[in-house]
Structure formats: structure tokens, C-alpha cells
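A short worksheet on the structure shown next.
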Amino acid sequence: MNTKLLTLHSYIKTGTLDTEDLEKIEEAAKVLRKGGLVAFPTETVYGLGGNALYKDASKHIYEAKGRPSDNPLIVHISDLSQMEQIAARIPESARLMAEACWPGPLTMIFPKADCIPRETTGGLDTVAVRFPSHPVAMELIRRAKVPVAAPSANLSGRPSTTTARHCLEDLSGRVDMILDGGSCDIGLESTILDMSGDQPRLLRPGAVTREMIAEILGTVPAEDVALKGPLAPGVKPKAPGMKYRHYAPKAPMVIVTDREGNGKTADTILRLIHEKETEQPETRIAVICTEECQQELLQKGFPVEGHILKTCGSRKNKDSIAHNLFELLREMDEEDAGFIITEGCSEEDLGQAVMNRMKKAAAWQIVTT
């Protein structure tokens with residue numbers, strides 16, 4: 001299969017869609033209507049889209065990603081009325097969330113309507129629904145005239161894609177088309193909130209934070225056990241990213257956290273580097289940390305030669321850390337890192353989502369200072 005790349009030059013340059021951009025989006029919409037696959041930008045990460053009502057399109061998504069077939073796909077809509085068509089029951093709390101957060105980086109889970117095939121839901125009786133705010137995504141779904149099933153546009157287990165270049169790296173020859181709309185704004189996948197039970201349950205944290213949900217609904221959502229560690233064998237995931245290895249670079253990775261607030265993050269990172277150099281002297285070590293930690297590491301003699309030191313942003317700006325995380329993890333592969341050390345962050349607000357992705361990428365390997 002030859003993968004066609006269509007670049008939306010006006011959108012990338014000005015943030016607006018011109019006639020040429022719209023013609024390219026229409027071409028992509030025709031691919032979706034015919035059962036093909038299109039990677040496209042959203043405000044979170046790039047999605048790999050197929051017709052959510054066409055079971056073979058969902059099968060092709062799983063095949064293209066190498067994704068386990070019991071890992072549900074998120075169905076993207078471009079109008080609130082579509083939610084009524086694909087969800088069998090919508091509680092009032094979900095309508096409150098939709099009014100406050102849609103379009104935006106929130107996915108909600110409902111009992112599914114009969115029109116949604118089980119191939120799209122990973123065999124479950126529930127469906128995950130999202131109304132993205134990205135102009136390209138909204139225009140594509142609107143023109144496709146069907147709800148679009150779209151997990152992240154990457155090979156299963158790899159860091160999610162935040163640029164079209166990343167999509168090409170993973171999916172060239174596996175999908176029909178890629179729409180290049182530039183870099184994604186948020187950089188982490190959407191929040192997933194399960195609204196199919198007696199009370200809202202947070203399955204995956206994102207830019208719609210736990211604190212925001214509590215303010216909208218007047219109660220803190222329950223948190224799924226998957227936020228505390230990997231799901232047990234045999235448990236079917238109810239949403240993407242809950243069970244299988246996700247977001248991971250090729251090299252093993254460990255997170256250093258300062259839960260006690262003792263300010264020894266840099267010291268711990270240097271100790272881990274020394275230990276790895278002693279055990280495996282040929283290993284190229286990469287450190288991903290904040291600007292503050294980077295400065296401290298350099299002051300304490302970070303062994304620059306042969307190793308990698310990258311900053312993900314400031315501790316004062318978790319938005320920048322979220323935006324840069326997946327791109328940095330992919331850079332580690334490009335630079336042949338053999339071992340990766342990342343600095344963790346507090347799990348308040350957006351930090352919960354950042355740490356959720358880091359923990360999965362590191363297979364829950366955490367060192368506390």
C-alpha cells in the first residue's frame with residue numbers, strides 16, 4: 001500500500017483552512033467513506049481514523065497498528081446529535097460534561113447503540129465517544145458523514161504521534177493517507193471518563209483533569225484500578241491504554257520522583273547514571289528532565305560526553321511537559337539511547353496525566369528520592 005501524505009499548508013502557517021486545505025480534507029473524507037484509513041491531527045495526538053460503523057474498517061485499524069483486538073477504539077464525532085445515535089443511554093452527568101468540555105480533549109464511555117459493531121468496541125457492550133476541537137479533525141469527520149473510530153496513529157505500544165512525520169515513521173505502507181496539520185497542541189491523549197455505570201469513573205487522565213471534573217459534577221470521580229498499576233491477566237480493558245504496554249520507547253526507562261520534597265532528584269539521577277555505567281559501560285544513557293533539574297545536573301557535572309540530556313520544560317509549566325513528552329521519547333529512539341531516566345512530576349492537575357503516560361512507558365519502574 002502506498003501511503004499518501006497531504007500537507008495542509010495554510011492551516012500549518014496561519015491556523016485557518018483555505019480552499020486547497022478543504023479540498024485535501026474532502027479527499028481524505030472520501031477515503032473514510034470507502035472504508036479506508038486516514039491519520040489526522042487532533043488537539044491531543046494524531047488519530048488513525050476509519051468508519052466506526054464499518055466493522056472491516058475497525059479490523060484494518062487493529063491490523064495497521066498491530067493492536068490487540070480487545071483494546072477498544074474511540075469513536076469521534078463532529079456534532080452532539082451523533083452522540084444520541086451511537087450511545088444507548090446518556091446520563092445527565094454526561095450531558096453536563098459534554099456541555100462544559102466538548103468539543104475538547106474528553107472521551108466518555110456509554111452503553112453502545114446497536115449501530116456500533118463490536119469490532120469497534122473491542123467486543124464490549126460500551127462505546128467510547130469523543131468530540132475533538134481541532135479544526136481539521138472536526139472538518140474531516142463532518143465531511144466523512146460518519147462517526148470515525150480513531151485510536152492514536154502509532155504502532156501499538158510505541159509513543160503516540162504528535163506530528164505527521166511520526167505517523168509516517170510508524171504507519172507508512174499501512175494506511176491510505178496522512179493529513180499533515182502540524183504539531184498537536186496538547187501532546188497527550190484525551191481524558192477517558194466512564195459514564196456507563198452508577199457513578200463517573202476516571203479511566204485515563206488527560207487535559208480535562210480530575211479537579212476540573214470534580215468542579216463540573218460536584219464530586220470527585222472514582223479512579224479505576226488501572227491508574228495504580230497494570231491490569232491483571234485476563235481482564236478486558238474498558239478503554240485504550242489501560243492494559244497493554246503503551247507509550248514506550250525502545251530502551252528501558254525509569255522514573256525518578258521527589259515525593260518527599262527533599263530536592264535530591266538530580267543526585268538520584270547522577271547515582272543511577274553511575275550505577276548503569278558500572279554495570280554496562282557501553283550503554284548510552286539519556287536523561288529527560290525539567291529545565292530546573294537540567295541546570296542542577298550540569299552544575300554537578302553531568303557526564304555530557306556519550307550521554308544525552310534533554311529538557312521537557314519547566315516545573316512551573318506542566319503544559320510544556322505534556323506537549324513535549326512523546327516527541328522526546330521518540331527522539332530517544334532516534335539517538336539510540338540504551339537506558340532512559342526521566343524526572344517525574346507532581347500528580348496534581350495535568351501532572352496526573354503526564355505521570356500516567358510516564359509510568360506506562362517505564363513499565364512502572366519508579367525510583368523515589
Side-chain angles (χ1 to χ4, degrees), residues 42-45 74 80 83 90-110 128-134 152 160 162 184-229 238-242 246-247 255 257-261 265 290-292 312-326 342-362 364 366 368:
T42 78
E43 70 277 20
T44 56
V45 297
I74 293 175
L80 280 175
M83 178 173 67
I90 304 169
E92 184 58 31
S93 56
R95 297 186 188 280
L96 289 173
M97 290 301 303
E99 182 180 349
C101 301
W102 276 357
L106 171 69
T107 295
M108 290 191 283
I109 293 178
F110 308 106
V129 185
R130 180 159 111 79
F131 185 170
S133 63
H134 196 287
S152 54
S160 297
T162 56
C184 298
D185 291 334
I186 296 173
L188 297 179
E189 301 85 353
S190 62
T191 302
I192 299 181
L193 194 59
D194 184 4
M195 309 299 277
S196 65
D198 295 334
Q199 61 176 328
R201 181 175 295 275
L202 183 63
L203 303 188
R204 183 176 74 186
V208 176
T209 65
R210 170 181 51 198
E211 291 82 357
M212 293 166 63
I213 296 168
E215 184 173 348
I216 294 165
L217 298 181
T219 182
V220 177
E223 294 189 358
D224 197 86
V225 293
L227 297 186
K228 298 176 174 62
K238 199 164 189 178
M242 292 180 65
H246 269 68
Y247 322 120
I255 305 166
T257 64
D258 184 16
R259 290 179 185 164
E260 303 302 322
T265 301
T290 60
E291 295 165 359
E292 294 86 350
C312 54
S314 171
R315 289 173 183 161
K316 300 175 183 177
N317 185 0
K318 287 182 183 147
D319 288 351
S320 67
I321 298 174
H323 179 78
N324 293 323
L325 178 60
F326 286 145
T342 60
E343 178 188 0
C345 65
S346 71
E347 298 196 32
E348 298 174 352
D349 298 311
L350 188 58
Q352 185 186 23
V354 172
M355 285 298 290
N356 173 262
R357 306 316 191 270
M358 282 190 183
K359 288 174 183 176
K360 289 180 177 292
W364 299 84
I366 303 171
T368 303

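What you see below is based on every heavy atom in this structure, not just the backbone, and it leaves out hydrogens, waters and symmetry mates. In this text, all values refer to a predicted model and were calculated from it rather than measured experimentally. Residue numbers run from 1 in the order of the sequence given.
Of the inter-residue distances, the one linking N324 atom CG with C312 atom SG reads 7.0 Å to the nearest 0.5 angstrom. Atom OG of S133 is separated from atom CG of L106 by 11.0 Å, given to the nearest 0.5 angstrom. Atom-to-atom distance recorded for M355:CE and E347:CD is 5.0 Å, nearest 0.5 angstrom. Between M83 atom CE and I90 atom CD1 the span is 4.0 Å, to the nearest 0.5 Å. In this structure, CE in M195 is found 11.0 Å from CZ in R95, a value given to the nearest 0.5 Å. The OG1 atom of T209 lies 8.5 Å from the CD atom of Q352; values are rounded to the nearest 0.5 Å.
The ring pair (Phe, Tyr, Trp, His ring centres under 6.0 Å) test applied to F326 returns Y247, not counting sequence neighbours. Take R210 and apply the salt bridge (charged side-chain N to carboxylate O under 4.0 Å, His left out) test, not counting sequence neighbours, and it matches E223. T191 meets the side chain to side chain donor-acceptor pair (under 3.5 Å) test with no other residue; sequence neighbours excluded. Remark: T219 pairs with L217 by the side-chain contact (heavy atoms from CB on, under 4.5 Å) rule, at least two apart or across chains. In terms of the side chain to side chain donor-acceptor pair (under 3.5 Å) criterion, S93 has no residue partners (sequence neighbours excluded). Contacts of K318 classified as salt bridge (charged side-chain N to carboxylate O under 4.0 Å, His left out), with partners at least two apart in sequence or in another chain: none. Every side chain to side chain donor-acceptor pair (under 3.5 Å) that T42 has, sequence neighbours left out, goes to T44, R130. Every side-chain contact (heavy atoms from CB on, under 4.5 Å) that A322 has, sequence neighbours left out, goes to L188, L350, V354. For D185, there are no side-chain contact (heavy atoms from CB on, under 4.5 Å) partners at least two apart in sequence or on another chain. Every residue two or more places apart in sequence or in another chain that forms a side-chain contact (heavy atoms from CB on, under 4.5 Å) with A98 is listed here: L80, W102, M108.
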request  = Report the C-alpha separation of R315 and E343 in whole Å, then their side-chain angles, then the decisive distance to 0.1 Å, and conclude whether the salt bridge (charged side-chain N to carboxylate O under 4.0 Å, His left out) test is met.
outcome  = CA-CA 10 Å; R315 289 173 183 161; E343 178 188 0; 2.9 Å; yes

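Between I74 and I192, the closest side-chain pair of non-hydrogen atoms falls below 4.5 Å. Using a 4.5 Å heavy-atom cutoff, the side chains of F110 and P91 are in contact.
A donor atom on one side chain and an acceptor atom on the other are found under 3.5 Å apart for R204 and S190.
Annotation: E348, atom CD; neighbour count of heavy atoms from other residues, nucleotides and ligands within 6.0 Å does not exceed 12.
Between E189 and R357, at least one side-chain N (NZ, or NE/NH1/NH2) sits under 4.0 Å from a carboxylate O, which counts as a salt bridge.
Considering all non-hydrogen atoms of both residues, P132 and P103 come closest at O-CB, 3.4 Å.
Tested against W364 for a side-chain contact (heavy atoms from CB on, under 4.5 Å), the candidates M358, K359, K228 yield a single pass: K359.
Formation of a donor-acceptor pair under 3.5 Å by the D349 side chain with backbone atoms of G351 is not found in this model. Remark: side-chain polar atoms of D224 are not paired, donor with acceptor, to backbone N or O of L203 under 3.5 angstrom. The closest donor-acceptor contact from the side chain of H323 to the backbone of C184 lies under 3.5 Å.
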